[in-house]
Amino acid sequence: MKFGTKVIHAGIEPDPQTGAVMTPIYQTSTYAQEAPGKHKGYEYARTHNPTRSALEKNLTALENGQDAICFASGLAAMDAILKLLKPGDEIIASNDLYGGSYRLIKTVFEPYGIKAHFIDLNQPENIKKYLKKRKTKLVWLETPTNPMLNIIDIKAICKIVKATADILICVDNTFSSPYLQNPLDLGADMVCHSATKYLGGHSDVIMGAVVVKTQELADQLHYLQNAVGAVPGPQDCFLVLRGIKTLHLRVERACKNAFKIAKYLKKHPKIGQVNYPGFKEHPNHKVAKAQMRDFGAMISFDIKGGNHTDALKILSSTHLFILAESLGGVESLIGHPASMTHASIPRKERLKVGLTDSLIRLSVGIEDVDDLIKDLELALRNV
């Protein structure tokens, strides 16, 4: 099946009892057994739930994986992956990544003896001097990165890493969604999603997911899913299944809108740097063009002169662009990474990657693009 068919049908069957086309919400905590250990594949809802199982099968198909494991949030999914490591192990991560991911690695897992190296991975060769055959156990990538929209060459990184040792590689694919990018096809072992974002698509659910390449990884993560219990409820799974059915349509429209808005911002006299991988002058535009189906619907930009006060004026002046955290919904959002999504990263570290106090991030939705541009135009008149 091609992608537009997968989102509707992959892993989804009409309910065998009623014929319901939409996967039912199995709102139950436990299941009747004929005898101890003799049941219909479900015994307790933390371990398995039919609604969750349908979603996991669907996600597996979308990412061309072996299996998928759903969690209560994107960070819960990342937490499970990090629990595959042991004290003394080392992580290599890109130095421009979501603030919550940085916080989880630095403040939760480093105290347990898991060391992390945050490095510039815009050039794949940069990873070589940090790779250690016996100590490096995980490479964590974001591409496009949050919020600077850097592009990492997944295939090149995987080739270098796998030539050194059997080191796990996970790609946070939240910004792209499976519609734009499939990291497992490029050599990664795992793909992590905040399903809250593009997969859900309607800003009404919190969930995370991991899609894996091997059954061994699937077994390990399913074990952690059950043992730790950070699982999503059946209604959340239903909402994400509902959202996925229009994923390709929503992302396609949002990408078209983002391209027009990025071009508008680039020409505006009050705007400085515009970060968007669809521009030919983007450092890794060719990589993005090769590994993505489109350039995404995320944009970040700086005010000319780096004026923090002007940035705050813009953030408080839009009407269609809602000032809020998160991304990937049908509605457009505007945010201030330094004080919102990336506040947990020390300012000194933020500035190293260009995340200034005047940087603004846009999650472009599916509204009429002319209305969105007009909204930005009016806001920019205040500076």
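- Among residues at least two apart or in separate chains, side chain to side chain donor-acceptor pair (under 3.5 Å) pairs with a member in residues 69-79 are Asp79-Lys83.
- Between Tyr179 and His248, the two ring planes are perpendicular [angle over 60°; tilted spans 30° to 60°].
- Classified by interplanar angle (parallel below 30°, tilted 30° to 60°, perpendicular above 60°), the ring pair Tyr98/His342 is perpendicular.
- Lys266 places none of its side-chain heavy atoms less than 4.5 Å from the side chain of Phe301.
- Proximity of Tyr42 to His48: side-chain heavy atoms (C-beta onward) are separated by under 4.5 Å at one or more points.
- Val251 and Val171 are assigned to two separate hydrophobic clusters, defined by single-linkage of ILVMFWY side chains at heavy-atom distances under 4.5 Å.
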Problem set entry | Trace of the side chain to side chain contact (heavy atoms under 4.5 Å, CB included) decision for Leu265 with Ile261 | CA-CA 6 Å; Leu265 291 170; Ile261 289 170; 4.0 Å; yes

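- With contacts defined as side-chain heavy-atom distances shorter than 4.5 Å, the pair Val211/Ile69 does not qualify.
- Val7 is connected to Val205 through a chain of hydrophobic side-chain contacts under 4.5 Å among Ile, Leu, Val, Met, Phe, Trp and Tyr, so both are in one cluster.
- Residue Val364 is not grouped with residue Phe175 when hydrophobic side chains (ILVMFWY) are merged at heavy-atom distances under 4.5 angstrom, including chains of intermediate members.
- With hydrogens and angles left out, the side-chain atoms of Asp89 and Tyr112 include no donor and acceptor closer than 3.5 Å.
- Between Tyr276 and Phe295, the ring planes lie perpendicular to each other; the angle is over 60°, past the 30° to 60° tilted range.
- Among residues two or more places apart in sequence or in another chain, the side chain to side chain contact (heavy atoms under 4.5 Å, CB included) test is passed with Asp219 by Gln215.
- Proximity of Ile244 to Leu62: side-chain heavy atoms (C-beta onward) are separated by under 4.5 Å at one or more points.
- Glu90 pairs with exactly one of Lys133, Arg134, Lys132 by the salt bridge (charged side-chain N to carboxylate O under 4.0 Å, His left out) rule, that one being Lys132.
- Within the 4.5 Å cutoff, no side-chain heavy atoms of Leu138 are placed close to those of Ile167.
- For the atom pair Asp96 CG and Lys352 NZ, the distance stands at 13.5 Å (nearest 0.5 Å).
- At least one side-chain heavy atom of Trp140 sits less than 4.5 Å from a side-chain heavy atom of Cys192.
- The cluster map of Ile, Leu, Val, Met, Phe, Trp and Tyr, joined by side-chain heavy atoms under 4.5 Å apart, puts Ile92 and Ile114 in different clusters.
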Exercise. Taking it one step at a time, do Lys270 and Lys304 satisfy side chain to side chain contact (heavy atoms under 4.5 Å, CB included)?
Worked result: CA-CA 6 Å; Lys270 295 179 181 178; Lys304 188 168 285 186; 5.6 Å; no

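- In this structure, the side chains of Asp189 and Leu184 stay at 4.5 Å or more apart for every pair of heavy atoms.
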